Amino acid sequence: MRAFVFKLVTATLEQLVQEGTLPDEVLPLLLRGGLDFKVERPREKSHGDFSTNAALVLARMARMKPRDLAQKILDALPLEQDGETRCEIAGPGFINFYLSPARLRQLIPEILSQRDTYGHSRLGEGKRVLVEFVSANPTGPMHVGHGRGAVTGDAIARLLSAVGFHVEREYYINDAGNQVDVLGRSVLYRYREIRGLPAVKPPSYYPGEYVTEIAAALNNQDQDLWLTASEPFGQPLDENTLPTPPKEVVDFTIARVIEDIRKDLEILGIQFDHWFSERTLHQEGGIDRVLAHLVEKNLIYQGVLERPKGGDVDSSDETDLRLQTLFRATEFGDDADRSLKKADGSYTYFAADIAYHFDKAKRGYDLLVDVWGADHGGYVKRVQAALEAMTGRKDLLDVVLTQMVNLTQGGKQVRMSKRAGTFVTLREVLEETGADAVRFWFLTRSSGAGLDFDLDLAKAKTNDNPVFYVQYAHARVYSLFAKLKERSLSEGEGDLSRLVAPEELDLIRLLGVFPEVVESAALSREPHRLTYYLLELAAVFHGYYNNYRILDEDPELRGARLSLIRAAGQVIANGLTLMGVSAPVSM
RNA sequence: GCGUUUGUAGCUCAACGGAUAGAGCACCGGCCUUCUAAGCCGUAGGUUGCAGGUUCGAGUCCUGCCAGGCGCGCCA
């Protein structure tokens with residue numbers, strides 16, 4: 001609907017250029033979209049259904065007072081003032097559009113015929129987007145923070161898909177590097193323990209219970225096979241000469257952990273199109289090629305990095321004065337050049353990450369979206385820098401950062417400590433509250449802000465619980481239709497013109513906003529906008545329900561109201577679906 | 001020290017550069033007991049951390065401060 005008004009205004013401005021009211025230079029700007037005039041929903045209800053600032057933006061170029069120009073625009077608008085739509089000038093020069101009740105009511109059959117596609121659009125023109133998210137290291141179970149990333153990424157993918165992008169979901173598995181060796185050693189150490197052999201904790205290891213479980217499974221499957229390999233763990237190990245665990249043990253362990261993660265994601269209802277292994281990059285020489293490419297562009301040199309000042313970096317450490325292989329990230333807006341190779345000649349994580357993102361770019365996507373934990377925020381610039389260096393494209397990668405989640409119960413914080421091994425896994429929370437609560441709740445804040453997750457409230461069947469509040473609005477619609485049957489009432493010959501109450505027209509207006517909410521949430525990568533919209537819609541719906549009798553005696557009125565709430569139920573269901581939350585028919 | 005992010009009502013948070021900055025909870029006052037869930041109406045609550053700047057117009061953009069989070073290594 002907004003697009004319609006926008007086109008109307010644009011056409012009118014073109015006409016004013018031809019008439020000479022507006023200078024010729026406006027025309028090219030208009031065609032290129034170079035003018036930032038807007039058609040928007042006013043916050044203030046009395047300002048109409050739509051409003052445009054066109055006269056304010058163009059006043060200077062037209063050398064006219066904003067209100068005078070507004071009058072010219074108004075006169076030229078090809079709108080018949082036939083009672084469908086009404087316009088007026090207000091404030092400093094806004095032009096406000098008021099839709100008539102008749103026009104508003106048309107929306108109900110539109111929604112009912114579009115059903116689950118209402119709110120969708122073709123804005124994305126089928127452009128290909130790759131959303132990479134979760135990508136939790138395969139070294140242990142997912143915790144709550146990973147869950148937030150998972151839910152956010154999936155919601156963004158759903159939103160982009162709804163507005164017409166071709167979306168694929170990808171999980172990047174960090175199955176190379178030091179950490180997987182640490183993991184393999186942790187398993188071998190526990191393997192010895194299980195077999196009752198002498199075992200000493202390696203200098204660094206993963207303490208969680210899951211490691212022991214995996215070791216037990218390994219023992220079950222392979223029995224004595226790893227006795228020799230585990231021998232070094234019978235005595236204290238020197239940090240500098242740690243044994244490399246056998247590939248089979250590492251693979252077995254990673255496969256187990258990934259399977260566990262996959263299960264969490266399945267409970268959440270998230271499916272990936274691609275699982276991309278970091279290891280394949282190393283094996284197929286992808287990293288070498290990327291480095292060669294950068295050498296060709298003269299973006300690599302041997303140098304020394306300055307030591308960071310202050311903070312808790314140990315300034316007595318001399319290792320950073322060593323000559324290393326550096327990428328000229330500063331030429332692309334980063335704050336420092338970045339290391340690509342370690343002293344032992346192996347690649348840094350960053351080198352692999354460049355190769356990975358370059359691989360994504362080569363696969364031909366028009367847009368890459370990454371969802372990362374906020375603790376990785378410092379890497380955004382360098383990855384974008386590298387991507388620009390490799391592809392020449394500046395805005396290819398969009399990174400969304402998600403902040404921490406705090407679990408609370410009974411108003412008190414649930415402490416999570418990885419060191420003490422008492423951290424709460426995502427699985428535990430899912431079992432406690434269910435996937436709907438987790439998904440909805442994780443989308444109630446903008447992703448950049450911290451989030452408190454109240455375990456008690458998320459389970460509560462009260463209106464304080466936002467998940468319940470919205471889902472219940474949906475269920476209420478269905479319960480009314482059930483009641484209708486129970487009383488053997490007909491749905492009635494709905495006469496929509498009987499919908500005259502301000503609450504009814506407000507509800508319709510709100511239903512009309514839905515497509516715009518979906519669009520803005522998708523384009524800004526801010527799924528929480530959808531959540532807020534649904535909360536508002538649920539509130540308006542509940543208010544209507546509480547103040548008006550839907551199942552009225554009069555069949556014409558009853559039918560009209562039933563159509564309205566059916567449309568409302570449809571919009572709530574569509575919104576919940578975009579969040580990945582179920583829309584229950586009864587509760 | 002540098003980067004990044006956040007700072008909005010007592011609390012938790014919204015607000016695509018728009019008009020008088022909004023919800024929920026809590027508080028206070030008043031109704032109500034319904035098509036299933038304590039609902040409904042109303043009052044009050046603000047110098048949007050501070051100071052400048054950009055413009056028709058700034059919570060939003062720019063600069064500088066203040067405060068919290070995260071990050072700043074050849075860890076991933």
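Everything numeric here is computed off the predicted structure, so don't read it as measured data. Lettering follows sequence order; numbering is per chain, from 1.
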Which part of the nucleic acid, if any, lies within contact of [X], taking any heavy atom under 4.0 Å across all strands shown: a base, the sugar-phosphate backbone alone, or nothing?
X: Glu278(A); value: sugar-phosphate
X: Met587(A); value: base
X: Gly373(A); value: nothing
X: Asp175(A); value: nothing
X: Ala176(A); value: sugar-phosphate
X: Asn463(A); value: sugar-phosphate
X: Lys461(A); value: nothing
X: Gly377(A); value: nothing
X: Tyr548(A); value: base
X: Arg549(A); value: base

When only distance counts, do a donor and an acceptor, one from the side chain of [X] and one from the base of [N], lie under 3.5 Å apart?
X: Asp464(A); N: A38(B); answer: no
X: Tyr379(A); N: A76(B); answer: yes
X: Tyr472(A); N: A37(B); answer: yes

Does [Y] offer a backbone N or O that forms a donor-acceptor pair with the side chain of [X] under 3.5 Å?
X: His542(A); Y: Tyr469(A); value: yes
X: Asp175(A); Y: Arg279(A); value: yes
X: Trp372(A); Y: Gly149(A); value: no

What is the distance from [atom1] of [X] to [atom2] of [N], rounded to the nearest Å?
X: Leu123(A); N: C16(B); atom1: CG; atom2: C1'; answer: 13 Å
X: His282(A); N: A76(B); atom1: NE2; atom2: P; answer: 9 Å
X: Phe442(A); N: C13(B); atom1: CZ; atom2: P; answer: 14 Å
X: Tyr172(A); N: A76(B); atom1: OH; atom2: C1'; answer: 9 Å
X: Arg338(A); N: C2(B); atom1: CZ; atom2: P; answer: 15 Å
X: Gln179(A); N: C75(B); atom1: CD; atom2: P; answer: 12 Å
X: Leu305(A); N: G1(B); atom1: CG; atom2: C1'; answer: 16 Å
X: Glu491(A); N: C35(B); atom1: CD; atom2: C1'; answer: 15 Å

Taking OP1 and OP2 of C13(B), is either one under 4.0 Å from a side-chain nitrogen or oxygen of Ser446(A)?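 False: Ser446(A) side-chain N/O out of range (4.0 Å or more) of C13(B) OP1/OP2.
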
Using a cut-off of less than 4.0 Å, is there contact between a side-chain N or O of Lys381(A) and OP1 or OP2 of U5(B)? no

Donor on one side chain, acceptor on other, Gln471(A) and Asp436(A), under 3.5 Å: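 Looking only at side-chain atoms, Asp436(A) and Gln471(A) do form a donor-acceptor pair, the distance falling under 3.5 Å.
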
Counting side-chain heavy atoms from C-beta on, which of [options] comes nearest to [X]?
X: Asn546(A); options: A19(B), C40(B), G3(B); result: C40(B)
X: Leu551(A); options: A76(B), C35(B), C40(B); result: C35(B)
X: Arg43(A); options: A19(B), G69(B), A14(B); result: A19(B)
X: His528(A); options: A37(B), C35(B), A14(B); result: A14(B)
X: Gln403(A); options: G69(B), A37(B), C35(B); result: G69(B)
X: Lys342(A); options: C75(B), G18(B), C13(B); result: C75(B)
X: Lys38(A); options: A76(B), C13(B), C16(B); result: C16(B)
X: Ala449(A); options: G18(B), A76(B), A14(B); result: A14(B)
X: Tyr532(A); options: A76(B), A14(B), G18(B); result: A14(B)

Could you check whether Arg498(A) pairs with Asp552(A) (Lys NZ or Arg NE/NH1/NH2 to Asp/Glu carboxylate O, under 4.0 Å)? no

Indicate yes or no: does Asp370(A) engage Lys360(A) in a salt bridge with an N to O separation below 4.0 Å. yes

Expressed in whole Å, how much space separates the [atom1] atoms belonging to [N] and [M]?
N: G46(B); M: G7(B); atom1: C1'; result: 15 Å
N: G22(B); M: G45(B); atom1: P; result: 14 Å
N: A15(B); M: A23(B); atom1: C1'; result: 10 Å

Please assess Phe350(A) against Lys341(A) for the test side chain to side chain contact (heavy atoms under 4.5 Å, CB included), listing each intermediate value before the final yes or no. CA-CA 9 Å; Phe350(A) 176 51; Lys341(A) 269 189 179 180; over 6 Å; no

Does Arg148(A) make a cation-pi contact with Phe442(A) (under 6.0 Å, within 45 degrees of the axis)?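 Ring-cation test returns no.
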
What would the secondary structure line of RNA chain B be in dot-bracket form, counting Watson-Crick and G-U wobble pairs under 3.5 Å, with [ ] for pairs that cross earlier ones and | for pairs with another strand? (((((((..((((....[...))))..((((.......))))......(((((..]....))))))))))))....

Near RNA chain B, counting only heavy atoms under 4.0 Å, which residues of residues 51-62 of chain A show up? Ser51(A), Asn53(A), Leu56(A), Val57(A), Arg60(A)

Do His376(A) and the base of G71(B) stack face to face, with centres under 5.5 Å apart and an angle between planes under 30°? no

Residues at least two apart in sequence or cross-chain that pass salt bridge (Lys or Arg N to Asp or Glu O under 4.0 Å) with Arg476(A), listed by chain then number, are none

In Å, rounded to the nearest 0.5 Å, how long is the span from [atom1] of [X] to [atom2] of [Y]?
X: Leu507(A); Y: Leu564(A); atom1: CG; atom2: CG; result: 4.5 Å
X: Glu88(A); Y: Ser51(A); atom1: CD; atom2: OG; result: 10.5 Å
X: Glu388(A); Y: Asp395(A); atom1: CD; atom2: CG; result: 8.5 Å

What is the minimum heavy-atom distance between Gln403(A) and Gly450(A), and which atoms define it?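 Taking every non-hydrogen atom into account, CB-N, 3.8 Å.
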
